[in-house]
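To keep things clear, I will list the structure first and then write my remarks on it.
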Amino acid sequence: MDTSGADDETLMQAYGAGDLSAFEALYARHRAGLYRYLLRSTRNPHTADDLFQETWSRVVDARARWQPQAKFTTWLLQIAHNLAVDTHRRQPMHASPEETEAALATLAANEHEQPERQLSDFQMRRRLQLAIERLPDEQRHAILLRLEHDLSLDEIADVTGAPRETVKSRLRYATQRIREELDA
């Protein structure tokens, strides 16, 4: 199967039928975003690694019975979200801001910018990251799904299992808290 132009749902169905290249394409498309979501959700690189592996393991296990009732991305993030919530319930997560920053250091600065501008942009990204980390879990999960994966309210509701209006409130409060911290 030519995987380059296929949508995720078609790839997952092909994988369910035994096409390993379809899984490789899905993995390549979603590994970075999934890992960032788990890392920022758990704030612990070791836990994020474990949940990342468990999420993909569940995708592999479900390949033959998967049905395209929702977008593949929504389904994948729902698995990851549920695993993160279950892990959080079992034990509180702790990661230093430095660990999180090191794991998320994927943004490259434009080499033509002035050093002062680069420093200012870095400081703003760092302040935003810290503001997101300080949010209550439910708000942090919702805002990460919106910012990192550009999910709609309905898709976030599907992933988190919360009603649409609850998701809307969580996003509103998260945005408000982030703005307050950045304005301070």
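- Side-chain contact between Gln176 and Tyr173 is present, with at least one heavy-atom pair separated by less than 4.5 Å.
- For Arg172, there are no salt bridge (Lys or Arg N to Asp or Glu O under 4.0 Å) partners at least two apart in sequence or on another chain.
- Side-chain contact of Asn44 with Thr42: a donor-acceptor pair under 3.5 Å is absent, judged by distance alone.
- Across Ala6 and Arg29, no two heavy atoms sit closer than the pair O-NH2, 2.6 Å.
- Listed by first then second residue, pairs satisfying side chain to side chain donor-acceptor pair (under 3.5 Å) with a partner in residues 52-66 read Glu54-Arg58, not counting sequence neighbours.
- Looking only at atom types and distance, the side chain of Thr47 has no donor-acceptor partner in the side chain of Asp50 under 3.5 Å away.
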What side-chain donor-acceptor pairs closer than 3.5 Å can you find for residues 142-157, not counting sequence neighbours?
from, atom 1, to, atom 2, distance (Å)
Arg146, NH1, Leu151, O, 2.8
Glu148, OE1, Arg36, NE, 2.7
Glu148, OE2, Arg40, NH1, 2.5
His149, NE2, Gly33, O, 3.2
Ser152, OG, Glu155, N, 3.1
Ser152, OG, Glu155, OE1, 3.4
Asp154, OD1, Arg164, NE, 2.9
Glu155, OE1, Ser152, N, 2.8
Glu155, OE2, Lys71, NZ, 3.1

Please assess Tyr15 against Val60 for the test side-chain contact (heavy atoms from CB on, under 4.5 Å), listing each intermediate value before the final yes or no. CA-CA 9 Å; Tyr15 176 53; Val60 169; 3.5 Å; yes
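- A donor-acceptor pair shorter than 3.5 Å cannot be found between the side chains of His81 and Thr160.
- Put simply, the side chain of Gln78 gets close to the backbone of Asp158: a donor and an acceptor are under 3.5 Å apart.
- Using a 3.5 Å distance cut-off with no hydrogens or angles, the side chains of Gln13 and Glu9 do not pair a donor with an acceptor.
- Proximity of Lys168 to Pro163: side-chain heavy atoms (C-beta onward) are nowhere separated by under 4.5 Å.
- Across all non-hydrogen atoms, the minimal contact from Leu76 to His30 is CD2-CB, 3.7 Å.
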